[in-house]
Amino acid sequence: PYRHDIKIQIFDLLGVHPVQQKEAASMDLIKAIVKMRSTKEAQEIEELERASVIGYKMHTTAMRITKPGLTEKFVAGQVDGTANSYGAMVSFPTIFSQHGEIMHGSPSMAELESGRLVLCDCGGETINNYCSDHTRTFPVNGKFTQRQLEIYSIVEACHDYALDVAKPGVKYMDVHFAVCRLMTERLKELGLMKGDTDEAVAAGAHAMFLPHGLGHMMGMDVHDMENFDQINVGFDEETRPRLDQFGTNCLRMGRRLEEGFVVTDEPGIYFIPALIDDWKASGHCAEFLNFDKIETYKDFGGIRIEDDILITKDGCRFLGEHRIPYHPKDVEEFMAQNK
Ligand code: GLY
Ligand code: MN
Ligand code: MN
């Protein structure tokens, strides 16, 4: 119960005051519901597919109309209207921002500028409340610069890596850290990181660029069941999140994947000026970070690529009828051909 309306509803039903609701919760009931909702049955998968089809329409609307001079709010409004026009809702407030480095950055009245990237993270929610959650990051003028491509291709590789390895029995926490190691390797090649890769990830140095987890459960809520506390949803006796390390403490999903789970795959690389200043001043993880080079990216923004995956019997697959373009060539072609 983290939403006020739910707290009031629980008060009406049970007479438990909102401030006492957390401690009054039944852990047995939470566990039972998490077990029930984690594994999606066939009808739920159909509904999630529908939500992803709407997500595709929302994202391709954004890609089609984006051009220099429009405001972020204008494009975001068209994206939201697309969901509404198919009888759906948005699954969370749409993120459409040239400041991709701001997590959940709201669209502003700023005009879209040629040469910049814009991050679009949005999803549809069907009338039965099933959600989708995709992110694309694309160039405002339809053409990536070389510098943007260098960072983008790392996120792309991390995104694809997760798809290759996600299957029943694999801990999502292990996939997250494998992605962090891949990202670190590639950032070392660009001269942004340095030192031993395993040590850098163990120290949490990658969180300068990826301060969140690889993904979360999705279903009837976009961060599915987060009102039961993420620790009860994404973790179990075998997998506990480390709460003492920046970045690692934000993981939402760590436990072993099972057939029927739906999770997001959403790596990102962000250049957060305040974080760069802070870590540089304190020397945090200085043995793994080339601050002088990182500083030259303070105007870069952030890139995330996100899709929703269904864990199958022996692997995983994307939800949705069509993939929203995300390989750079496909994005550029789509934007050129759909103006
Ligand atoms: N839009 C929130 C998320 O991707 O988790
Ligand atoms: Mn998202
Ligand atoms: Mn997500």
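Just follow the structure's listing: the first ligand is 1, and inside any ligand the first atom is 1.
Counting backbone and side-chain atoms alike, His216 contributes an N/O/S atom closer than 2.8 Å to the Mn ion (ligand 3).
Using the six-membered ring where Trp is involved, Phe96 and Phe138 have ring planes that are tilted, between 30° and 60° apart.
Closest to atom 4 (O) of ligand 1 among all protein heavy atoms lies Glu266 OE1, 3.0 Å. Nearest protein heavy-atom neighbour of atom 5 (O) of ligand 1: His223 NE2, 2.7 Å. For atom 2 (C) of ligand 1, the closest heavy atom belonging to the protein is His104 NE2, 3.3 Å.
Side chain of Asp278 to backbone of Ala274: no donor-acceptor contact under 3.5 angstrom is found. Side-chain atoms of His216 come within 3.5 Å of backbone atoms of Val222 as a donor-acceptor pair (strictly under, hydrogens ignored). For the pair Thr296 (side chain) and Lys293 (backbone), a donor-acceptor distance under 3.5 Å is present. The backbone N or O of Ala110 lies less than 3.5 Å from a partner atom in the side chain of Ser108, making a donor-acceptor pair.
Between the OD1 atom of Asp133 and the OD2 atom of Asp121, the angle centred on the Mn ion (ligand 2) amounts to 150° when rounded to 10°.
At a heavy-atom cutoff of 4.0 Å, ligand 1 is contacted by no atom of Val222, backbone or side chain.
Backbone and side-chain nitrogen or oxygen atoms of Arg304 are examined, and none is located within less than 3.5 angstrom of a nitrogen or oxygen of ligand 1. Not a single N or O atom of Thr135, backbone or side chain, sits closer than 3.5 Å to an N or O atom of ligand 1.
The two atoms that bring Met193 and Phe209 nearest to each other are CG-CE1, 3.6 Å, heavy atoms only.
Summary: OE2 is the N/O/S atom of Glu266 found nearest to the Mn ion (ligand 3). Its N, O or S atom nearest to the Mn ion (ligand 2) is what matters here, and for Glu306 that atom is OE1.
Applying the 4.0 Å criterion to heavy atoms of Glu306 picks out, from ligand 1, the atoms 4 (O).
Ionic pairing of Asp229 and Lys22 is present here: one or more N-O contacts between side-chain nitrogen and carboxylate oxygen are shorter than 4.0 angstrom.
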